[in-house]
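In what follows, every heavy atom counts, from backbone to side chain, and hydrogens, waters and symmetry copies are set aside. Here is the naming used below: chain letters follow the sequence lines, and residue numbers restart at 1 for every chain.
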Amino acid sequence: MTEPNYWLMKSEPDAYSIDTLKKDGVTLWDGIRNYQARNFMRRMSLGDKVFFYHSNCKPPGIVGFMEVIDLNIIDPTQFQKESKYYDPKSSQEEPRWDCVKVKYLFKANKFLSLTELKILFNEEELLLVKKGNRLSIIPIKKEIAKLILEKIK
DNA sequence: GCCAACGTTGGC
DNA sequence: GCCAACGTTGGC
């Protein structure tokens, strides 16, 4: 049994929140339309652990913990014309977007705000989580992941 | 391939 | 609402 990798995935709570995931139990992390974020999902392994981050809300921060339970799933929303994630450049023969399935593990006992994350994160992680690009999935170093886990348990 | 214009993310 | 930091698009 190899040690899992750790990731952080952002979602706006209005779109999909930790409480919705808790209710659903599992969910497909679809709708990712950024190549770098998609490529991070392709690097995931079964059993990898993921911090659930609420973005674009007050205050932003880590609200829960999940596990990757399925890999390389074609994102169905790219073919759905009525979906806001519809991609006309994608086809059934050559789909562009895929995703992973995640399972709810637990809701953070203590909310970990972005303000607090700034103390833990290195500059690269901070840049990725904080600002300016469409990157909603980032890798988290093991040592830092363990510190975060201690704080949200 | 360059780059200006435009769109999006997301903290503040 | 503002705006920095990206990513994407399209003319050339």
Nucleotide [N], atom [atom2] - distance to [atom1] of [X] in whole Å:
X: L135(A); N: dG10(B); atom1: CG; atom2: P; answer: 9 Å
X: Q36(A); N: dT9(B); atom1: CD; atom2: P; answer: 16 Å
X: I138(A); N: dT9(B); atom1: CD1; atom2: C1'; answer: 14 Å
X: I32(A); N: dT9(B); atom1: CD1; atom2: P; answer: 11 Å
X: I137(A); N: dC6(C); atom1: CD1; atom2: P; answer: 18 Å
X: K58(A); N: dT9(B); atom1: NZ; atom2: C1'; answer: 16 Å

Quiz item: Does the pair K107(A)/D19(A) count as a salt bridge with the N-to-O cut at 4.0 Å?
Solution: yes
Report yes if at least one side-chain N or O of [X] is closer than 4.0 Å to OP1 or OP2 of [N]; otherwise report no.
X: Y53(A); N: dG11(B); result: yes
X: K10(A); N: dG10(B); result: yes
X: K89(A); N: dT9(C); result: yes

Would you mind writing out the side-chain donor-acceptor pairs for residues 140-153 of chain A within the sub-3.5 Å range, not counting sequence neighbours?
residue, atom, partner, partner atom, Å
K146(A), NZ, E3(A), OE2, 3.0

Quiz item: To the side chain of S55(A), which of dG10(B), dT9(C), dG7(C) is closest?
Solution: dG10(B)
Practice problem: Run through W7(A), F52(A), F106(A), Y104(A) and flag the one making a ring pair (Phe, Tyr, Trp, His ring centres under 6.0 Å) with F65(A). | Solution: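 It is F106(A), the one option of W7(A), F52(A), F106(A), Y104(A) that forms the ring pair (Phe, Tyr, Trp, His ring centres under 6.0 Å) with F65(A).
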